[in-house]
Amino acid sequence: MEFFCYHRDRPGSTSLREKLLEDHWSYMDGYARELIARGPTFAADGETPTGSVHIVDLPDPAAARAFAFDEPNYQAGAYRDVLLRRWRNTLGRTMWDFPGGTTGGNRYLVIGLGAGLDAALDTPPDRDDELIAYGPLLSDDDTTWVGTAALVLAPDPDTARAVLTPDRYAGIEVHDWEFGGRR
């Protein structure tokens, strides 16, 4: 089962996150085989962390909750909240398989929270060169569509936002994002 996990930073927690960086990476190393995508999000300045994205394949919702809430930054209080949802990998690949590579260009996390109407669960056509990860956010029992999450290579936030059809969503968030993991 695939899960989308977005830990949002608590304001003022940057120094705590920096202090716990090795603990965070060591924790994620334990999930290296299960990770589909990972990486930090940033404020408009491109420097200040605002959160941490992990898309992971785990056996069940209980394992996903343990993954999200046992994470060292969460345990230490660096995060203000966690968005954890079932997710479906419509691209069938990891971020490391993205044809555009791991560097260059602007990359974004795009989250659309559903407005009640099911959106098409298929990947938008002709976007293979810009979609790093893409899939629906689903209820725990995998039966109800609640939104969409995508990692996108795009020239700007508005272009990234355009991968989702606005009238299908109550709101669309766009965050600066970069490939994560050990450097």
Side-chain angles (χ1 to χ4, degrees), residues 2-14 17-18 21 24 35-56 68 73 78-138 145-181 183:
E2 297 154 336
F3 295 87
F4 173 84
C5 181
Y6 183 40
H7 292 96
R8 295 175 198 265
D9 284 11
R10 184 175 43 81
S13 66
T14 301
R17 280 192 61 179
E18 288 170 356
L21 186 60
H24 168 78
L35 286 168
I36 295 166
R38 68 187 284 189
T41 58
F42 296 93
D45 65 10
E47 303 275 330
T48 306
T50 60
S52 190
V53 175
H54 296 92
I55 303 174
V56 62
N73 287 318
Y79 299 132
R80 73 169 182 187
D81 61 59
V82 179
L83 173 61
L84 179 63
R85 284 287 177 198
R86 290 283 304 272
W87 186 78
R88 190 170 306 135
N89 187 357
T90 62
L91 298 176
R93 65 179 184 224
T94 71
M95 72 178 200
W96 298 278
D97 301 321
F98 173 58
T102 60
T103 60
N106 301 318
R107 287 138 197 271
Y108 300 95
L109 164 64
V110 181
I111 302 171
L113 299 177
L117 302 171
D118 280 1
L121 299 182
D122 297 328
T123 306
D126 304 320
R127 302 262 178 140
D128 197 51
D129 60 339
E130 60 190 282
L131 293 176
I132 299 163
Y134 185 92
L137 299 171
L138 303 162
W145 174 85
V146 297
T148 305
L151 299 172
V152 181
L153 172 65
D156 55 67
D158 289 336
T159 304
R161 180 185 310 275
V163 302
L164 302 184
T165 308
D167 64 345
R168 296 290 182 149
Y169 298 92
I172 298 175
E173 303 174 16
V174 179
H175 306 270
D176 287 354
W177 172 82
E178 69 179 35
F179 276 66
R183 295 184 168 92

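Of all non-hydrogen atoms in Gly104 and Leu153, the two that sit nearest each other are O-CD1, 3.7 Å. When every heavy atom of Thr159 is checked against every heavy atom of Asp156, the shortest pair comes out as N-OD1, 2.8 Å. Scanning all heavy atoms of the two residues, the minimum distance from Thr94 to Leu35 falls at CG2-O, 4.1 Å. For Tyr134 against Ala150, the heavy-atom pair with the smallest separation is CD1-CB, 3.6 Å. The nearest pair of heavy atoms linking Pro40 to Gly180 is CD-CA, 4.1 Å. Summarising the geometry of Ala68 relative to Leu84, their closest heavy-atom pair is CB-CD2, 4.1 Å, with the distance given to 0.1 Å.
Relative to the ring axis of Phe3, Arg86 places its NZ or CZ within 45° and under 6.0 Å from the centre.
Looking at Asp9 and Arg17, a side-chain N of the basic residue comes within less than 4.0 Å of a carboxylate O on the acidic one, giving a salt bridge. Residues Glu173 and Arg8 are paired through a salt bridge, judged by an N-O separation under 4.0 Å between the basic side chain and the carboxylate.
Although no hydrogens or angles enter the test, the distance criterion places a donor-acceptor pair under 3.5 Å between the side chain of Asn89 and the main chain of Arg93.
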Start with the C-alpha gap between Leu137 and Phe4, add the side-chain angles, then the distance that decides, and say whether side chain to side chain contact (heavy atoms under 4.5 Å, CB included) holds. CA-CA 7 Å; Leu137 299 171; Phe4 173 84; 3.7 Å; yes
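Here Thr102 pairs with nothing under the side chain to side chain donor-acceptor pair (under 3.5 Å) rule; sequence neighbours left out. Judged as a side chain to side chain donor-acceptor pair (under 3.5 Å), and not counting sequence neighbours, Glu2 has no contacts. For Thr50, the side chain to side chain donor-acceptor pair (under 3.5 Å) criterion is met by Thr41, not counting sequence neighbours.
Using the six-membered ring where Trp is involved, Phe179 and Phe98 have ring planes that are tilted, between 30° and 60° apart.
Remark: Trp177 CH2 to Arg38 CZ distance equals 11.0 Å, nearest 0.5 Å. Atom CG of Leu83 sits about 10.5 Å away from atom NE2 of His7, to the nearest 0.5 Å. In this structure, the separation between OG on Ser13 and CD on Glu18 is 10.0 Å, given to the nearest 0.5 Å.
Side-chain rings of His54 and His24 approach one another, their centers coming within less than 6.0 Å. Not less than 6.0 angstrom separates the ring centroid of Tyr6 from the ring centroid of Trp87.
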